[in-house]
Amino acid sequence: MPLADIGRLLIAADDYGASVGIFAGAQGDGIVVAHEPGASYGAWRLGPAATASVDSAVAGCGGVVTDRAETAGVVRLGLGSDEALWAVEDGGPPRWLPAFGAERLADALAQVSATGGTIIKRYDNAAEVSDPLGGHFVLVQADVSRPTQGPVQPPTVCVS
């Protein structure tokens, strides 16, 4: 659907029932800053079947997986251009969450707690958190040695 003159919004469900919203700005610049503290760090697919079909979902729409790594139940699919998609089977409801980089993850998590947010689940270099109003997102330990400044086009990921 169009959103006045600022862009377009799509709200859909993926192949395992998780809702996802995608916004495309009218300016067409893409993500201007990515992969540095405070900026976009990709997306996480979570839920009981999150990893089961993530490879085929990316491949089914012509996406190119450049590398795959699995550590402690977290699957990372490299999509080229330093972009990635993470999938975690965590037993929670099917969902997609935006991820943001943190310069020092431990400090960011302390700030989440101090300001009334909640740390929902910790992973090796990331954590699912919620803000005081209940908004969920993921904080990822940023690789501060490799910031990418834009415009950066987000990866093309669709679900089959």
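The basis for the numbers below is simple: all heavy atoms, side chains too, and nothing from hydrogens, waters or symmetry mates. Here, residue 1 is the first one in the sequence, and each next residue gets the next number.
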List the atom pairs, with distances to 0.1 Å, where a side-chain N or O of residues 112-124 and a protein N or O form a donor-acceptor pair under 3.5 Å, not counting sequence neighbours.
| from | atom 1 | to | atom 2 | distance (Å) |
| --- | --- | --- | --- | --- |
| S113 | OG | L109 | O | 3.4 |
| T115 | OG1 | Q111 | O | 2.8 |
| T115 | OG1 | V112 | O | 3.3 |

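- Listed by chain and residue number, F100, F137 satisfy the side chain to side chain contact (heavy atoms under 4.5 Å, CB included) test with P98 (two or more places apart in sequence, or in another chain).
- R8 pairs by the side chain to side chain contact (heavy atoms under 4.5 Å, CB included) definition with P2, not counting sequence neighbours.
- Residues passing the side chain to side chain contact (heavy atoms under 4.5 Å, CB included) test with A108, sequence neighbours excluded: A102, L139.
- Listed by chain and number, the residues in a salt bridge (Lys or Arg N to Asp or Glu O under 4.0 Å) with D5 amount to none (sequence neighbours excluded).
- Nearest heavy atom pair, residue P48 against residue G92, reads CD-O, 2.9 Å.
- For residues 127-138, the pairs satisfying salt bridge (Lys or Arg N to Asp or Glu O under 4.0 Å) are R95-E128, with sequence neighbours left out.
- Between A99 and V140, the closest heavy-atom pair is CB-CG2, 3.9 Å.
- A continuous path of hydrophobic side-chain contacts links I11 to I6 [ILVMFWY only; heavy atoms under 4.5 Å].
- Under the salt bridge (Lys or Arg N to Asp or Glu O under 4.0 Å) criterion, E70 pairs with R68, sequence neighbours left out.
- Linking Ile, Leu, Val, Met, Phe, Trp and Tyr whenever their side-chain heavy atoms come within less than 4.5 Å leaves V129 and L97 in two separate clusters.
- Listed by chain and residue number, Q141 satisfy the side chain to side chain contact (heavy atoms under 4.5 Å, CB included) test with N125 (two or more places apart in sequence, or in another chain).
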